[in-house]
Amino acid sequence: MNQSYNHREIEKKWQDKWSESQIFKTQIDADKKKKYVLDMFPYPSGAGLHVGHPEGYTATDIYCRYLRFNNFSVMHPMGWDAYGLPAENYAIKMGVHPKDSTKKNIENFTKQVKSFGFSYDWDREINTSSPEYYKWSQWFFLLLYKSGLAYKKKAPVNWCDSCKTVLANEQVVDGKCERCSREVVKKDLEQWFFKVTAYAEELLNGLDNLKWPEALKAMQRNWIGKSEGALIKFQITNDKCQIEVFTTRPDTLYGATYMVVAPEHKLVNELKDKIENFDEILLYIEKTKKKSELERTELNKNKTGVLLKGINAINPVNQKEIPVYISDYVLSTYGTGAIMCVPAHDERDFEFAKKFKLEIIKVIESSIENADGAMELSGVMINSEEFNGMSSDEAKEKITKKVGGTLTTQYKIRDWLVSRQRYWGAPIPIIYCDVCGTVPVPEGDLPVLLPEDISDFRPTGKSPLESSISFHSVKCPICGKDARREYDTMDGFVDNSWYYYRYLDPKNENEFCSKQNIEDFMPVDCYVGGAEHAVGHLIYSRFFTKVLRDNKYLDFDEPFPRLINQGLIMGSDGQKMSKSRGNVVNPDDVINEFGADSFRLYEMFMGPLVDSKPWNTDGIRGQRRFLDKIFQYFENFKYGKESNDELLSLLHKTIKKVGNDIENFRLNTAISALMIYFRELSKQNNLSKEYVDSFLIMLSCFAPHISEELWEKLGNKDLIEKESWPKHDDKLAKDEKVNLPIQVNGKFRDMIEVDVEISEDDLRALVLSQEKIKKYVDTKEVSKFIYVKGKICNIIT
RNA sequence: GCCGUGGUGGCGGAAUUGGUAGACGCGCUGGACUUAAAAUCCAGUAAAUGUAUAAUUUGUGAGGGUUCGAUUCCCUCCCACGGUACCA
């Protein structure tokens, strides 16, 4: 296609000028209102930027430029999430040191990000793998440790045998490792955890007040997984042992006809001598151990289990003896690892009972009956002695009380497993001493540097840091005797749980961030990024902020009150972009051919930011065409003295609409409004300054390079960035005359031009005198005359 | 199964509190320019009937309802996408 301007030259020119003039440096000014606009920082992968990255980045850039025009002090930083599994796996694949590959990838990403002309304050750039940064990640670990929120314990944890490390629950997707898709297995290991569960209730309740997408809030609610119920103890016959269960349905206790304990339940061992078929039980436990989590949950239709022979439990509500089974459909990690089973009112228990031919007793009646299966709704109590006739909801508390149980709340969310048996992460700042035990590294000794004298950092199941003697053999900070360092490293998600604080004070050597800076800029006013971080990063970050608050570092509850998820950019075939499908679009190629301005405009014009939408190369041609026309119009343009009332009215409407749309991230309609205005503008010549300047200022948010170039061509000496957002005048934005659609009996019949302020009586007379309308009204009587000012007129006969 | 989001031309999408459905862009069709093509410019473009006009009818996943009027609100259902799932 014929291009009217050289985007390569122009875009480079203005990027250099912006950089030289430091125009995007955050203005810290007490007189200005602040806005902190944050992008989710990328991890610098080897593949480079994909077209999804600039989608969110362009949107925030437009918003920030708009805010600067409106005299806000804007904090808009960028950095690199450089530690963690993805970066390390890439280095291993390439056979290089992660330090080197990370450095190279960051250089490439920087070049790519800069080619879009984003208005970041680059002085605040951070890199989570630099010692200046991870010193404070380690400081956070110590803060959590001192607050009793970091602890080490042996527990069944997720293990990926391909990445050779443990994983947090949040990093297991469909029973598989998020990074390599290997099926995750459970292993009993001693690991470090952060006590996220301590904040479960607050994390849940806090969601109500956040301006976040509903879908995302729902995901977090679901992840936190609150259920209210009761803990009830069942006595084992002829033994001191008791089985405690958690149930959300204590009202169904009369229908409990058997119990099931998880294979990992400690009771199995305790009752070893009394279980007559212990060999059989052991065999079953061995079998479940070999199953992956995926197998254990996927085969949920076909339940397995073994009866504990010689053991019975007593239902505390009616003293009936009921059998006890062991089965892997009960999870050891939720509730008490044991359940009471009510097959009449629980689908899973029903399936198990059918298979093992167990008694099914109905204890609740509901108008909606389920012919074949369990009735899980609430209703009226039956077969429940003194509770018969009571509503089941009411019976919950009463029955719990009768059997001496306690009402309680359970959550699905687990503590966050943060230790990793991997090289590329911040070392955990802990020392083990034979005399003093677990000793935190004194703050003054931070950072604990990641050793570089390691020849082989490939994962083996043990942390590669173990092989560096200079690293792990140390003196105990308390007693001075020989001790060793913890050689596991931290999950990369620890680093990015607090990065938005570091941007505010990236060079501070004494604090993770000064109180003043937190006060000045937190919380983040607008956070934009992908939905994939719904339950990992976004829960951890909220958790960190609450911990900081409880340690008096700040006084707000939530780091991100407003959050927007941008949608995915799909391939032109409507499928997710992937190498194997061959539908990947490389942003470098697009910028080279059409320019960054066209790219930015196109991605914003595709549709609403939050929707996922397919890429279409013809679409970007349209945006380039728009810019070419603008360039041509301005090439020989000189300010004149002409004015034009109609155009002026359109201008003020456009200013209002574009401003509104930007604030609400409706960038597709903002661009459409600019196109409409330009179409009318380009029909005129010799226009005075305001018609032209306002347009270029608005355009510069979206297409900043070409706008600067044209601004200069018009003879302006300073950067367009230094201008202010044009003010719109509501009076001018309003029309004096409107085209009013006229309906007869709800059907559109005519359009007449009327004064906006016309009275209803005048309008009625005018409308009824119209030939077209007369035809439809005919001789019939007008029973109703509806007029909505400026909108519509409807005549009912 | 449960939770969430959505369903509008050939395509991406637009439609403040219910008020001309299809803005804007892409594509397509016709024309101008050109030896020709590309690019550019002009016109048209929801569907059906009709005479490329006029006019009429239908139309926002399906079916009902409220209303003078429904893409928008209510009910029932279908479909797609995303999340989650033996959580007792």
Side-chain angles (χ1 to χ4, degrees), chain A residues 1-4 173-175 213-223 225-227 229 245-249 252 260 296-301 303 327-331 333-342 345-349 351-352 376 410-414 531-532 534-535 565 567-568 572 574 601-602 605-608 610-623 625-626 628-629 632 657 660 664 666 668-676 679 739-751 783-797:
Chain A
M1 70 194 282
N2 259 357
Q3 296 181 331
S4 72
V173 178
D174 291 333
E214 255 335 290
L216 206 154
K217 290 207 240 182
M219 271 187 242
Q220 290 210 352
R221 283 194 191 103
N222 191 16
W223 191 260
K226 180 179 181 174
S227 356
V245 303
F246 171 72
T247 176
T248 54
R249 297 297 300 273
T252 62
V260 175
R296 239 178 109 162
T297 52
E298 254 190 1
L299 304 168
N300 59 21
K301 284 278 169 315
K303 297 205 166 19
S327 170
D328 64 3
Y329 88 88
V330 172
L331 305 176
T333 45
Y334 182 78
T336 61
I339 59 169
M340 65 177 218
C341 300
V342 186
H345 303 291
D346 182 284
E347 201 56 53
R348 297 150 301 180
D349 297 346
E351 277 165 28
F352 190 88
E376 297 186 325
Q410 287 283 330
Y411 300 90
K412 282 193 226 175
I413 192 170
R414 310 288 151 74
E532 67 273 18
V535 291
N565 284 138
L568 282 179
S572 51
L601 226 34
Y602 173 60
F605 187 70
M606 286 168 88
V610 297
D611 289 2
S612 61
K613 50 238 151 187
W615 182 272
N616 173 6
T617 302
D618 283 329
I620 195 168
R621 288 208 174 87
Q623 298 306 315
R625 213 171 282 163
F626 175 49
D628 278 327
K629 282 183 205 164
Q632 267 162 25
K657 174 158 182 63
N660 249 321
N664 294 297
R666 288 193 300 246
N668 51 336
T669 51
I671 293 168
S672 149
L674 287 173
M675 286 174 165
I676 293 167
R679 188 180 61 201
N739 286 320
L740 192 72
I742 312 297
Q743 297 179 336
V744 178
N745 292 325
K747 286 212 167 126
F748 172 75
R749 294 304 180 190
D750 199 9
M751 181 82 86
S783 66
K784 210 168 174 185
F785 185 87
I786 295 154
Y787 171 51
V788 181
K789 191 180 160 187
K791 287 268 166 69
I792 203 154
C793 170
N794 193 3
I795 300 157
I796 313 302
T797 60

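Chain naming here is simple, since letters A, B, ... match the order of the sequence lines and numbering starts at 1 in each.
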Take atom [atom1] in [N] and the same atom in [M], then report the distance between them in whole Å.
| N | M | atom1 | result |
| --- | --- | --- | --- |
| G30(B) | A52(B) | C1' | 11 Å |
| G27(B) | C68(B) | P | 46 Å |
| G13(B) | G6(B) | C1' | 14 Å |
| U8(B) | A23(B) | P | 16 Å |

Report which part of the nucleic acid Ser783(A) touches: base, sugar-phosphate, or nothing (heavy-atom distance under 4.0 Å, all strands). nothing
At 4.0 Å (heavy atoms only), tell me whether Ile676(A) reaches a base, stays on the sugar-phosphate, or touches nothing. sugar-phosphate
Counting just side-chain N and O atoms, does Arg749(A) come under 4.0 Å of either OP1 or OP2 of U56(B)? yes
Phosphate oxygens OP1/OP2 of C24(B): is one of them under 4.0 Å from a side-chain N or O of Arg625(A)? no
Quick check: any donor-acceptor pair below 3.5 Å linking the side-chain of Lys629(A) to the base of U40(B)? no
Counting distance alone, no hydrogens or angles: does the base of C26(B) have a donor or acceptor under 3.5 Å from a partner atom on the side chain of Asp618(A)? no
Taking a pair as Watson-Crick or G-U wobble with both distances under 3.5 Å, which nucleotide is matched to G69(B)? none
Between Lys657(A) and Ile339(A), name the one whose nearest nucleotide on RNA chain B is closer to the 5' end. Lys657(A)
5' precedence on RNA chain B between Pro614(A) and Lys784(A) (nearest-nucleotide basis): Pro614(A)
Separation between NZ (Lys303(A)) and CD (Glu351(A)), nearest 0.5 Å, reads 4.0 Å
Between the CD1 atom in Ile796(A) and the CZ atom in Phe785(A), the distance rounded to the nearest 0.5 Å is 10.5 Å
May I have the distance from Asn222(A) (atom CG) to A85(B) (atom P), rounded to whole angstrom? 8 Å
Closest nucleotide among U20(B), C24(B), A88(B) to the Thr247(A) side chain: A88(B)
